[in-house]
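Worksheet: one structure, shown below.
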Amino acid sequence: MKSLESFIFLDETKDKETLEGFERKDETDTFSKKGKTQNAVYYLISAEYDGQRRAARLKLYDPISDKIEVWYDNTDHHPYCLAPWPLSDSDRKNVEKHSGFKNFEKVTKYDPLFDREVDLTKIVAKDPRSIGGSSSENENIRGKVPKSWEARIKYYNCYIYDRQIQMGMPYKLLNDHLIPVKYQSLEEDRQRLKALVKKEDPEYKEYIFKWFQLLESPIPGFRRVALDIEVYSPVSNRVPDPNEAEEKVIAASLVNSDGQKKVLILKREELDEEQGPAPAGLDVVFYDQEEKMIREIFKILSEFPIVVTYNGDEFDLRYLYNRAKNLKIPQDQIPIHITHRYSSLNYGIHIDLYRFFFNRSIWIYAFSKKYTNNTLDNVAQSLIGKGKIELTAPISELDYSELIKYTIRDAEITFQLTSFDDELVMKLILALSRISKLPLEDVTRQGVSRWIQNLMFAEHRRLNWLIPRSEDLSELKGTSSTESVIDGKKYRGAIVVDPKPGTHFNISVLDFASLYPSIIKQWNLSYETVRCPHDECKKQTIPGTSHWVCKRNKGISSLLIGSLRDLRVKWYKPRSKNTNLSSSKRSWYNVIQQSLKVILNASYGVFGSSVFSLYCLPVAESTAAVGRYAITKTIDKANSLGIEVLYGDTDSIFIKSSTKQQINELSKWSANSLGMELEVDKVYRYVMFSLRKKNYLGVYSDGRVDVKGLTGKKRHTPPFLKKTFQEVVDTLGEVMSQDEVESAKRKIKNIVYSSYIKLKKREYLLEELAFKIMMNKPIEHYRKTTPQHVKAAMQLKEAGNEVKSGELISFIKVNNSDGVKPLQLASVEEADLKKYVSYMKATLEQILNVIGIEFDEILGLTKLETFLWNDEQ
DNA sequence: GCGGACTGCTTACCT
DNA sequence: ACAGGTAAGCAGTCCGCG
């Protein structure tokens with residue numbers, strides 16, 4: 001990643017010139033004596049507010065020297081908020097009296113809600129806390145005016161918007177000015193992209209090329225270190241409190257991107273002297289004093305531009321900080337600062353992977369739910385195939401060599417979580433930072449609605465639009481006009497077509513490529529365009545709702561989301577699979593493609609979520625309504641073309657053996673009358689449907705099988721049954737035609753029968769019988785009912801094991817008053833076979849019934865045995 | 001006092 | 001703290017029933 005194509009150095013005063021010397025050649029050449037790279041290109045990775053300097057502080061990463069350069073704002077930018085113009089004399093005086101007040105300015109902005117210009121009072125303050133930092137609103141500047149806008153935006157975000165700072169992008173420092181460095185994309189690429197969007201409006205094209213510029217720019221490699229610490233605990237299995245930090249730090253491990261691995265160990269009286277050499281390639285250092293060891297950790301942390309942890313926000317860095325304070329290390333020698341939720345570093349930036357992997361959107365869309373919970377062990381095991389070292393005793397009781405092995409593994413896998421798949425995670429964070437315009441650290445700590453909010457806010461400022469207050473938005477736009485199918489939801493969502501049960505051969509699945517973003521683009525949906533203030537637009541109604549959409553102006557979210565959607569569908573997704581491109585380019589395109597997917601998938605939902613600052617139900621509702629309109633019309637059209645539709649869900653239709661011409665015609669119709677691309681997504685050799693929606697099994701021509709929604713695939717299903725289910729599925733994958741169904745049925749009966757016998761003979765291991773269900777709340781919060789997994793958790797608690805919210809509870813169905821026993825306390829003998837058989841029946845019949853097999857009929861093979869066994873119970 | 005019909009809660013899934 | 005729609009199993013309740 002270090003040798004890159006040409007940059008163009010954007011300096012307003014000069015002509016564009018090509019930037020030289022970016023490649024790392026001979027280190028002595030490119031480093032000045034101060035350790036600064038000559039002519040350095042820095043990547044902007046962080047922005048904060050510096051309270052002492054009262055200015056924005058940006059952290060710039062130089063990928064050649066691997067150092068952080070700090071740059072303070074020198075453009076005289078100050079915090080502010082907006083208030084009505086004019087302010088009453090008394091309001092003005094009140095504001096002026098505030099110690100943080102700086103000055104008033106009159107500004108004019110465009111108010112998107114009313115489609116007109118407005119005059120506003122810009123209240124400039126000396127520091128951000130004066131605007132809204134006090135605990136009491138009476139003491140804030142924003143509390144002293146009748147109405148305020150943009151008063152709750154963090155200062156550094158505000159700074160980024162106003163100066164149009166591009167997070168994650170290359171910059172140069174020239175006479176202490178921050179100058180963006182523009183990447184010169186390939187001429188042929190620009191032409192190709194131009195051709196793809198030639199029919200679009202110029203305004204829209206501008207967006208496309210802005211994103212393009214951002215996403216095509218080269219990316220640096222990041223020098224970084226992963227940190228993990230171990231803390232002594234007098235009580236085994238209790239994690240020490242990082243806020244108190246009462247116990248000793250007994251070990252720390254560090255793994256860095258230079259390939260070095262280091263373990264720092266505190267000598268303890270109770271342990272025997274270390275014997276033998278340290279493991280190969282591992283630097284082990286023993287310390288007599290904890291303080292010395294911690295100072296050494298601090299020294300290393302201060303050398304790296306990026307520090308990676310797993311839960312360092314809550315634990316490792318917080319513990320080190322408080323422990324250092326307890327050991328009376330002076331504040332200015334602690335390179336960490338903590339707030340109530342985060343822990344960050346003075347020098348570099350801190351990336352807490354726990355937060356990143358915990359992000360629901362990242363879990364689902366970037367990693368396809370590959371990991372099942374967010375522990376380091378599980379995430380690492382699932383993504384890099386290597387987990388934590390299993391503990392044989394509590395950490396505090398391990399001898400030195402065991403402790404070393406244990407702790408270094410944690411740092412290793414933490415590091416590898418950022419390096420696997422060609423640095424996928426680092427690249428994802430960088431790409432998301434560029435798109436959302438958030439600092440890298442914020443991308444990993446905030447949810448997708450904040451990403452989208454931030455990029456939309458930035459766009460408002462760029463256009464000199466007033467960012468609406470959510471109260472005004474809700475009041476003006478009102479609520480929804482449709483009724484949801486599910487009780488308690490705010491509006492009606494997508495359509496699911498009843499499937500035609502049975503086995504259907506030669507099935508094509510057609511779908512709309514990113515349906516909702518397409519709708520948002522095509523129908524000009526945005527909070528300011530839906531129910532806009534113009535009378536003439538009221539005729540342009542949204543089908544199935546009482547809403548209308550603006551004809552005069554282009555919607556801001558329509559432009560932003562639409563352009564991102566088209567770039568993903570037309571450019572990045574195909575390019576990520578284009579084998580003519582170099583693998584490193586493909587890998588970056590794939591990262592972009594995935595990042596866009598994460599954002600696009602949430603782009604409709606945020607408008608229906610009250611936590612989103614531009615929450616606007618009519619937008620979400622209109623999007624869903626147009627979706628229903630599109631799929632309904634498509635099904636009608638398909639039928640009129642003689643295409644049989646077997647099933648459909650939201651944006652897809654499953655159609656029976658149709659000719660290419662039929663499909664082409666439907667697709668052409670969709671493009672012309674709906675303005676949306678309907679394409680063949682999958683082709684199945686055959687599909688099996690039951691009467692259930694969101695449940696099917698589809699077999700591809702190469703024998704791969706898609707299983708959707710069936711119980712046999714769900715997380716909580718006991719492994720023994722999952723396995724049996726999988727064997728049945730595999731058998732179905734071998735079926736080539738209708739004639740082969742019969743022989744598969746025989747095979748399946750055998751599979752089910754032998755599994756049943758094995759169950760009955762209690763030959764399955766206890767773990768194979770365990771149901772695993774997530775406990776989403778603490779035990780005490782289950783007030784209304786006590787589900788089985790919670791009963792199991794209660795028994796565990798009774799037995800002295802702590803059970804926390806978010807844990808996956810494993811339990812066995814038994815014949816006691818609770819009906820369950822936690823795995824840890826149960827034995828195979830106790831398993832309630834009757835319940836297991838009935839669960840097995842319910843799970844397998846979802847498939848068996850479709851091909852005409854009765855579960856009981858399989859058991860009937862041993863009627864006598866069954867009878868006897870039932871009798872025993 | 002017990003069982004079936006029903007509703008509501010909870011989890012996991014699909015798009 | 002993106003959304004709504006669907007399935008499934010169990011908990012708890014109501015009602016009928018000499």
Side-chain angles (χ1 to χ4, degrees), chain A residues 358-365 368-369 372 446-453 480 482-499 509 511-517 520 557 561 598-617 619-625 627-628 631 647-654 681 690-696 698 706-717 771-777 781-791 808-809 811 813 818-820 835 838-839 842-843 845-846:
Chain A
F358 190 61
N359 182 311
R360 237 185 105 80
S361 298
I362 293 294
W363 175 52
I364 298 173
Y365 300 116
S368 326
K369 297 192 186 178
T372 50
Q446 298 179 348
V448 64
S449 70
R450 288 307 195 96
W451 306 345
I452 296 174
Q453 173 189 309
S480 49
T482 56
E483 209 167 301
S484 61
V485 172
I486 307 166
D487 254 15
K489 299 281 185 184
K490 290 169 285 194
Y491 60 92
R492 177 164 292 236
I495 286 180
V496 188
V497 181
D498 276 317
V509 183
D511 81 349
F512 294 103
S514 27
L515 175 71
Y516 289 157
I520 290 171
S557 52
I561 295 163
V598 172
I599 287 181
L600 290 168
N601 270 321
S603 64
Y604 135 79
V606 291
F607 286 106
S609 164
S610 56
V611 298
F612 184 55
S613 55
L614 299 172
Y615 172 58
C616 185
L617 269 185
V619 171
E621 188 179 26
S622 300
T623 312
R628 293 194 298 275
I631 193 172
Y647 176 61
D649 185 348
T650 314
D651 61 355
S652 67
I653 55 169
F654 289 58
D681 180 35
S690 64
L691 286 163
R692 299 171 191 83
K693 295 171 172 182
K694 298 187 188 281
N695 266 257
Y696 63 86
D706 273 345
V707 178
K708 299 288 182 184
L710 303 183
T711 305
K713 212 189 94 171
K714 295 199 177 187
R715 177 169 69 183
H716 65 248
T717 302
F771 288 81
K772 288 194 220 38
I773 298 187
M774 171 70 69
M775 196 171 73
N776 286 328
K777 316 184 266 193
H781 288 206
Y782 290 85
R783 297 245 166 70
K784 288 162 182 156
T785 57
T786 313
Q788 292 193 324
H789 63 294
V790 180
K791 284 180 177 160
L808 211 54
I809 313 288
F811 64 86
K813 297 208 185 211
D818 277 349
V820 295
K835 284 184 196 151
S838 103
Y839 199 85
T843 302
E845 278 196 335
Q846 290 182 346

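By convention in this document, chain letters (A, B, ...) are assigned in the order of the sequence lines, proteins followed by strands, and residues within each chain are numbered from 1.
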All side-chain hydrogen bond (donor to acceptor under 3.5 Å, both in side chains) counterparts of [X], not counting sequence neighbours:
X       : answer
T372(A) : N378(A)
S557(A) : S526(A)
T482(A) : E621(A)
S690(A) : R692(A)

Taking side-chain contact (heavy atoms from CB on, under 4.5 Å) as the test, write out the residues that go with F358(A), two or more places apart.
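With sequence neighbours excluded, F358(A) shows a side-chain contact (heavy atoms from CB on, under 4.5 Å) to N374(A), given in chain and number order.
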How would you list, by chain and number, every residue that makes a side-chain contact (heavy atoms from CB on, under 4.5 Å) with D649(A), sequence neighbours excluded?
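Result, side-chain contact (heavy atoms from CB on, under 4.5 Å) vs D649(A): V496(A), Y647(A), S652(A), K694(A).
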Starting from the 5' end of DNA chain C, give me the residue, R492(A) or G605(A), whose nearest nucleotide shows up first.
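This one resolves to G605(A).
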Rounding to an integer number of Å, can you tell me how far [X] [atom1] sits from [N] [atom2]?
X       : N      : atom1 : atom2 : result
K489(A) : dC2(C) : NZ    : C1'   : 11 Å
Q446(A) : dA1(C) : CD    : P     : 8 Å
D487(A) : dT6(C) : CG    : C1'   : 14 Å
I495(A) : dG5(C) : CD1   : P     : 11 Å
H789(A) : dA8(C) : NE2   : P     : 19 Å
I561(A) : dA3(C) : CD1   : C1'   : 13 Å
I599(A) : dC2(C) : CD1   : P     : 13 Å
D651(A) : dG4(C) : CG    : C1'   : 13 Å

Between N or O atoms, less than 3.5 Å apart, protein on one side and nucleotides 11-13 of chain C on the other: list the pairs.
unit_1, atom_1, unit_2, atom_2, d
dA11(C), OP1, K791(A), NZ, 2.8

Tell me every residue that passes ring-ring contact (aromatic ring centres under 6.0 Å, His included) with Y604(A), counting only those two or more places apart in sequence or in another chain.
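In terms of ring-ring contact (aromatic ring centres under 6.0 Å, His included), with neighbours along the sequence ignored, Y604(A) is linked to Y516(A).
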By ring-ring contact (aromatic ring centres under 6.0 Å, His included), which residues pair with Y615(A), not counting sequence neighbours?
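Listed in chain order: nothing, the list is empty.
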Taking atom OG of S603(A) and atom CD1 of I520(A), what is their separation to the nearest 0.5 Å?
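Reported value, rounded in 0.5 Å steps: 4.5 Å.
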Give the residues of residues 708-717 of chain A touching DNA chain B, defined as any heavy atom closer than 4.0 Å, sorted by residue number.
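Within this stretch, K708(A), G709(A), K713(A), K714(A), R715(A), H716(A) sit under 4.0 Å of the strand.
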Any side-chain hydrogen bond (donor to acceptor under 3.5 Å, both in side chains) pairs touching residues 707-716 of chain A, not counting sequence neighbours?
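Pairs touching residues 707-716 of chain A that pass the test: T711(A)-Q846(A), H716(A)-Y839(A).
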I809(A)/I773(A) under side-chain contact (heavy atoms from CB on, under 4.5 Å): CA gap, chis, key distance, verdict
CA-CA 5 Å; I809(A) 313 288; I773(A) 298 187; 5.6 Å; no
Positional range of nucleotides in DNA chain B within the contact set of chain A, heavy-atom, under 4.0 Å
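That gives a stretch of dC9(B) to dT15(B).
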